[in-house]
2 protein chains.
Amino acid sequence: MAGDINSVDDLRTVLILRRTSFIVLLEPKCSQKFNLLKAWESPLPQDQFLSTHARSVRVLLSSSTGPPITAQILQLLPSLKFIVTTSAGLDHVDLVECRRRGVAVASAAKIFTEDVADMAVGLLLDVMRKISASDRYVRDELWACKGDYALGSKIGGKRVGIVGLGNIGLQVAKRLEAFGCSVSYNSRSEKPSLSYPFYSNVCALAANSDALIICCALTDQTHHMINKEVLSALGSEGGAC
Amino acid sequence: MAGDINSVDDLRTVLILRRTSFIVLLEPKCSQKFNLLKAWESPLPQDQFLSTHARSVRVLLSSSTGPPITAQILQLLPSLKFIVTTSAGLDHVDLVECRRRGVAVASAAKIFTEDVADMAVGLLLDVMRKISASDRYVRDELWACKGDYALGSKIGGKRVGIVGLGNIGLQVAKRLEAFGCSVSYNSRSEKPSLSYPFYSNVCALAANSDALIICCALTDQTHHMINKEVLSALGSEGGAC
């Protein structure tokens, strides 16, 4: 595909459709190296704007919170050769249409995996050890008048169920082991190379867990997977992060 | 020493000097099994109260937030044989005087070690990933009007200095390793069996760390050990938990 790109200049023009928070972060560095074509700065409607630049746009910078890169948008950009997205997932990109048109797609892939796992474990600690709740208690000046805040829950020995044991789920499990938690999981398929107990059913996993950590993508298949039945199985003392 | 205790009844009377939050937690269960002698419920001054019960008190239940068990108190309780304290440390008990008088002392020892380590790592995650700060941001309804909260700091790769590598420090280190942090430490003496880099000086440790976690007891020796010089060495981006 490199042969299709005629000069370095072609790659210097980078189309961005919407100014999402990720784009705001990237803008200062990107604008030093690239000629950013910002659709939101144009008074033209998006379709008309894309048609105007149809021939020059070879690179599109996207993010999962921006507009989806649909077949319709791809059709308006016949010279497009490369989409870079700041997200790990590619649900917002019509990959079938990209393949058909020979458009290469690059995502952030695993770059956020460890940070997401850190955050998930941070939130579990926050809920179980009541960190932000007791922080509010102190800031509201209740410590002096109402005494010590209620104790939190022990982390060690807790049964934590991970829903979706992909890259992020595995990093969460690794961290939880260091805290002495016992990990089980639900996933599309059992992973025979791992020793964690597998539950083919989210409800059964919840019934055998003190807390659930959801590490799967939000798709049509996973939408509403954590429902009333799963939360009831988890019990009133349980928590889902 | 068992020969000094004449009957089971002697051990059923348990003296408590102050109603601390720990005692409040223990009271319901303890009062089922023991006859709790509560000094704070008496109208008498403490010394007079202790003199009144001098012969019957063989067991004292104490906590680190209660009054220190000084030589003076021990002198008023000549029949005392056993002190149980709810704390891990024994700084509030005059151990020399206890030994001289043949009073046995039991502490909670390592029972809180893992919980304290969980909390320390939870606080580090809270500060670096801005968990309670962003929780406040959302509760103050600023998300909708001011947009996404500022990003936190990556945990992986951070250099964390542990001041005091005892039981708690080791448990903190174990958890930090799972997050991909690089651990170094300062302690009274180097521990040759461990591979973590040792700094004999807290300031040098701080200068080579992104965050410090203090895991040593507060004693006359450690008081003010984390001073302006140490915080300056840590730098404006650093944090001490």
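Proteins come first, then strands; the chains are lettered A, B, ... in the order of their sequence lines, and each starts at number 1.
If you measure heavy-atom distances from B/Asp118 to chain A, the contacts under 4.5 Å come from both the backbone and the side chain. Only the side chain of A/Leu25 comes within contact range of chain B, judged by heavy atoms closer than 4.5 Å.
Heavy-atom contacts from other residues, nucleotides or ligands closer than 6.0 Å to CG of A/Asn227 number more than 12. The neighbour count for A/Asp140 CG, taken as heavy atoms of other residues, nucleotides or ligands under 6.0 Å away, is above 12. By the 6.0 Å contact criterion, CD1 on A/Ile111 is open, its count of non-hydrogen atoms from other residues, nucleotides or ligands being 12 or less. At most 12 heavy atoms of other shown residues, nucleotides or ligands fall within 6.0 angstrom of atom CH2 in A/Trp143. Surrounding CD of A/Glu141 are at most 12 heavy atoms belonging to other residues, nucleotides or ligands under 6.0 Å away.
Chain A forms more heavy-atom pairs under 4.5 Å with one residue of B/Leu176, B/Ile155, B/Val24 than with any other, namely B/Ile155. Of the residues considered (A/Lys154, A/Glu114, A/Gln171, A/Glu177), A/Lys154 shows the highest number of contacts with chain B, using heavy-atom pairs under 4.5 Å.
Here the NZ-CE distance, from A/Lys130 to B/Met119, works out to 11.0 Å after rounding to the nearest 0.5 Å. The CG atom of A/Asp135 sits 8.0 Å away from atom CG of B/Asp135, with the distance rounded to the nearest 0.5 Å. Atom CG of A/Leu125 sits about 9.0 Å away from atom CZ of B/Arg175, to the nearest 0.5 Å. Rounded to the nearest 0.5 Å, atoms CG (B/Asp115) and CG (A/Leu151) are 9.5 Å apart.
Closest approach of B/Gly122 to A/Ile131, counting heavy atoms only: C-CD1, 3.6 Å.
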